[in-house]
Amino acid sequence: MLAEDDVDIRDLVQIVLEGLDLTVTAVGNGAEALAECRRVKPRLLLLDITMPIMNGLEVCREVRADPELKDVPVILMTARAQASDVQAGMEAGADTYIIKPFGPIELREHVEDILGNGRGDWTTNVG
């Protein structure tokens with residue numbers, strides 16, 4: 001599951017994930033992401049922090065509070081690079097935090113680390 005309101009970034013991230021043989025469901029805001037997560041429990045959730053309707057931190061907190069979703073790994077993606085921003089993301093329940101701009105290799109490494117870390121077969125499915 002990918003939630004990113006910037007279409008160009010969303011497309012880039014989707015291409016990288018699909019290059020890992022992952023199936024991606026991409027949405028443009030946090031509310032859509034949360035609804036889709038509740039509909040189909042994803043193996044991984046990538047969230048932009050600054051999104052309309054519901055931001056990524058709010059989605060992350062909701063996911064962590066939901067007994068059905070609490071174990072879904074979450075990667076936050078944002079241009080917010082201050083230590084306090086990273087701390088807020090981790091306190092919201094993120095597994096890792098990627099600072100924009102990031103490249104395809106960095107994204108791939110984060111995804112492989114999260115999904116290859118005892119969370120099952122990471123090449124099977126996202127979304």
Side-chain angles (χ1 to χ4, degrees):
M1 171 65 53
L2 167 61
E4 168 64 63
D5 61 325
D6 183 303
V7 175
D8 294 331
I9 295 172
R10 186 170 62 226
D11 289 348
L12 171 68
V13 172
Q14 185 165 353
I15 288 167
V16 170
L17 297 174
E18 289 173 347
L20 295 169
D21 293 327
L22 301 172
T23 301
V24 180
T25 300
V27 297
N29 68 63
E32 286 179 291
L34 187 57
E36 194 64 20
C37 282
R38 287 181 170 147
R39 191 179 71 77
V40 179
K41 181 181 174 182
R43 288 183 174 252
L44 175 65
L45 177 57
L46 288 97
L47 294 169
D48 181 23
I49 289 182
T50 307
M51 291 186 291
I53 304 174
M54 186 177 207
N55 72 45
L57 295 176
E58 294 168 325
V59 175
C60 190
R61 286 186 199 105
E62 289 287 327
V63 165
R64 292 294 176 243
D66 187 320
E68 296 294 317
L69 300 174
K70 67 183 174 97
D71 295 326
V72 172
V74 176
I75 297 176
L76 290 177
M77 309 175 298
T78 185
R80 296 180 177 190
Q82 298 293 322
S84 60
D85 295 319
V86 175
Q87 181 179 353
M90 301 312 282
E91 287 175 356
D95 291 277
T96 192
Y97 193 102
I98 303 175
I99 297 170
K100 296 177 186 176
F102 54 83
I105 293 170
E106 181 182 0
L107 175 61
R108 180 186 177 115
E109 288 172 352
H110 278 277
V111 171
E112 289 175 339
D113 182 55
I114 291 290
L115 294 181
N117 216 1
R119 303 235 187 205
D121 179 8
W122 65 268
T123 62
T124 303
N125 187 6
V126 171

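Checked by atom type and distance alone, the side chain of E18 never pairs as donor or acceptor with a backbone atom of I15 at under 3.5 Å. In this structure a side-chain-to-backbone donor-acceptor pair under 3.5 Å is missing from R43 to M1.
The minimum heavy-atom distance between P104 and L12, with the atom names listed, is CG-CD1, 4.4 Å.
For the pair V63 and L45, the minimum side-chain heavy-atom distance is below 4.5 Å. Counting heavy atoms from C-beta outward, R38 and D66 have side chains that approach closer than 4.5 Å. Contact of the E32 side chain with the I53 side chain is not registered, since no non-hydrogen atoms from C-beta on lie closer than 4.5 Å. Side-chain contact between K41 and L69: present, with at least one pair of heavy atoms (C-beta onward) separated by less than 4.5 Å. In this structure the side chain of F102 never reaches within 4.5 angstrom of the side chain of E109, judged on heavy atoms.
When each of L47, L2, T50 is paired with M77, the side-chain contact (heavy atoms from CB on, under 4.5 Å) condition holds for L2 and for no other. No option in D95, I105, L46, I98 other than I98 meets the side-chain contact (heavy atoms from CB on, under 4.5 Å) test with H110.
When only modelled atom types and interatomic distance are considered, Q82 and D85 share no side-chain donor-acceptor pair under 3.5 Å.
D113 CG to R108 CZ: the interatomic distance, rounded to the nearest 0.5 Å, is 13.0 Å. In this structure, NZ on K100 lies 4.0 Å from CD1 on I9, to the nearest 0.5 angstrom. With rounding to the nearest 0.5 Å, the separation of CG in L76 from CD1 in I99 is 11.0 Å. A distance of 11.5 Å separates SG in C60 from CD in E91, rounded to the nearest 0.5 Å. E4 CD to N29 CG: the interatomic distance, rounded to the nearest 0.5 Å, is 11.5 Å. Summarising the geometry, atom OG1 belonging to T78 is positioned 8.0 Å from atom CG belonging to L57; distances are rounded to the nearest 0.5 Å.
D48 and R10 are not joined by a salt bridge, as no carboxylate oxygen comes within less than 4.0 angstrom of a charged side-chain nitrogen. At a threshold of 4.0 Å, the pair R39-E36 counts as salt-bridged, since one of the basic side-chain nitrogens sits closer than that to a carboxylate oxygen.
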